Participant: 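Below you'll find the structure I mean.
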There are 2 protein chains.
Amino acid sequence: MSITTSEAPKPTESARRQKTRERLMDAAFEVFSEVGIHAATVEMIAERADFTRGAFYSNFDTKEELFLALAERGNNQRLALLRQSVEHMDQILPEILGAPGAKLQPENLGLLVTSFLDQQNENSYWFLFQSELRLLAMRDPAVGSIYLEQKAAAETEFANIISAALRAVGLSSELNPLELASVLTTTYESTLQEAIMQGGPQVQKIAHELVRTKLVALITQLAR
Amino acid sequence: MSITTSEAPKPTESARRQKTRERLMDAAFEVFSEVGIHAATVEMIAERADFTRGAFYSNFDTKEELFLALAERGNNQRLALLRQSVEHMDQILPEILGAPGAKLQPENLGLLVTSFLDQQNENSYWFLFQSELRLLAMRDPAVGSIYLEQKAAAETEFANIISAALRAVGLSSELNPLELASVLTTTYESTLQEAIMQGGPQVQKIAHELVRTKLVALITQLAR
DNA sequence: AACTTTCGATACACCGGTGTATCCAATACA
DNA sequence: TGTATTGGATACACCGGTGTATCGAAAGTT
């Protein structure tokens, strides 16, 4: 243990490593989404990242470890995305509303929702991965608490956004924000799920359309 | 192919067979629910049914075939249960309402929902199995259409029940019955899921409580 | 430019699950 | 009761995935 080399040693050593870790994680994310954790083999993952299994085992101990790492990374990305779309809403809201302080017309609600969803630049990959995680979470308590934590975080974030949006638009709901958020995301997800099952190539489009109409219908009922 | 033996031959031969098939299916249902399709091995299933793998392969070709058979059986059972609870509702409604034609008091809505849920005598086994099916359905189009079909059937059934119940109780919703049913079951399932993740031993209780309060809150908003 | 270290590739031993071919017992039939 | 048939058990060959031990090349150090 030399105390002299105070800064440089690790960062450089890690530079390459970190890159391959990233590549492996990206590959794993795809593979997991496509075929599920169980069907996914270490080989598939390595291969898709243009590595061999050797590289994998040099970087991760087990498939499961990688999966959990992935879950965390994904959640962070998602949270970031949510926060970011707050700003976007601030930009787009005035345009939709017209005069400041005006109340939202029902026919414009669709625009609002659509714009929000677009921000989330939907890859249904994420949803498939999430479904995998969810299933795991119901069987393994350790995974379960991770999942619940993530979900809670995402929903509080989302609840804030909604409250703000509703306020800005002159609406309010009798449900408390968290419950409202919960119902909406739940509906959102189940709709996306349906789209995935129906959709061959144009999942994206189907999903988008389905989700929009459903959510608008719901919000119309729940907020006034 | 003898045309003479018109009746007896098959039924007897099948008697034993059918029984072991049943036992295998019951066992499989449990195993699938507990560890998932992929982690489940033919051996586990056979063993739990007190057979060896020999018996399994004598009755089914693959694990997947069994799984699908199970999905169908389960769905039928569930539909039957739904239909049956209509009758039960007819019995219990007058008691809750008091005077015939009276409007439901909000504080009694909980009773109604609870009673309905009790009818479904929830084993969260079914939900876990269903989750497994759902995940499969998102990846395999063949399974997908089966799932969607089943889901549609269950939801129409449920929609009818709800409409009838609301009418009987002097409420109505602006959402169409199917959408209402969809939102409610979705919320129901996501809540049950949460309970499973939180719950150690008393999943049942937690689930029940959670579901009831959540659903009541929702219905209060959606139907008036 | 030699050396050293780090990281990924290659090769191999191992294990668990599958599916099949064969055998034995119970039941059906005469 | 003897014979035929059916259904489940046993044994085995096979395969795919895992994880480890070894090696070689490229980057980092002096």
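Keep in mind that this is a model prediction, so the values were computed, not measured. No hydrogens, no waters, no symmetry mates; every other heavy atom, side chains included, goes into these values. Throughout, a chain's letter reflects where its sequence line sits, starting with A, and its residues are numbered from 1.
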Participant: Are B/Arg83 and B/Glu157 ion-paired here, with the side-chain N under 4.0 Å from a carboxylate O?
Facilitator: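 Yes, charged N to carboxylate O under 4.0 Å.
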Participant: What integer distance in Å separates A/Glu43:CD from C/dG8:P?
Facilitator: 17 Å
Participant: Assert yes or no for the condition that the ring centre distance of B/Tyr57 to B/Phe51 is strictly below 6.0 Å.
Facilitator: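 No, too far apart.
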Participant: Between D/dG8, C/dG8, D/dG17, spot the one nearest the side chain of B/Phe51, thanks.
Facilitator: D/dG8
Participant: Would you say the base of D/dG17 and the side-chain of A/Arg53 have a donor-acceptor pair closer than 3.5 Å?
Facilitator: no
Participant: Is the shortest side-chain N/O distance from B/Thr52 to OP1 or OP2 of D/dG8 below 4.0 Å?
Facilitator: no
Participant: Would you say the rings of B/Phe158 and B/Phe116 are close, in the sense that their centroids are separated by under 6.0 Å?
Facilitator: yes
Participant: Establish, with yes or no, whether the OP1 or OP2 oxygen of D/dG8 is under 4.0 angstrom from a side-chain nitrogen or oxygen of B/Thr20.
Facilitator: yes
Participant: Is A/Thr41 reaching over with its side chain to a backbone N or O of A/Met44, donor-acceptor style, under 3.5 angstrom?
Facilitator: yes
Participant: Which nucleotide sits closest to the side chain of A/Ser58: C/dG8, C/dG17, D/dG7?
Facilitator: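 For A/Ser58, the side-chain atoms sit closest to C/dG8.
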Participant: To the nearest Å, give me how far apart NZ (A/Lys19) and C1' (D/dA26) are.
Facilitator: 16 Å
Participant: Between B/Gln18 (CD) and D/dG8 (C1'), how many Å, whole number?
Facilitator: 17 Å
Participant: Pick the nucleotide of DNA chain D nearest each of A/Val42 and B/Asp50; which residue has the one closer to the 5' end?
Facilitator: B/Asp50
Participant: Return the value, rounded to whole Å, for the distance between atom CD of A/Glu47 and atom P of C/dA9.
Facilitator: 12 Å
Participant: Look at the side-chain N and O atoms of B/Arg17 and state whether any lies under 4.0 Å from the OP1 or OP2 oxygen of D/dG8.
Facilitator: yes
Participant: Separation of B/Phe56 atom CZ from C/dG19 atom C1', in whole Å?
Facilitator: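 These atoms are roughly 11 Å apart.
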Participant: For A/Ser182 and A/Leu178, indicate whether the former's side chain and the latter's backbone hold a donor-acceptor pair under 3.5 Å.
Facilitator: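 Looks like no, no N/O pair under 3.5 Å.
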Participant: Tell me: NE2 of B/His38 to P of D/dG16, nearest whole Å?
Facilitator: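 Rounding to the nearest Å, NE2 of B/His38 and P of D/dG16 are 18 Å apart.
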Participant: Separation of A/Glu65 atom CD from D/dG19 atom P, in whole Å?
Facilitator: 11 Å
Participant: When you measure from the side-chain N and O atoms of A/Asn59 to the phosphate of C/dC7, is any distance below 4.0 Å, counting only OP1 and OP2?
Facilitator: no
Participant: Once you round it to whole Å, what is the distance between C1' of D/dA13 and OH of B/Tyr57?
Facilitator: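 Atom OH in B/Tyr57 sits about 14 Å away from atom C1' in D/dA13.
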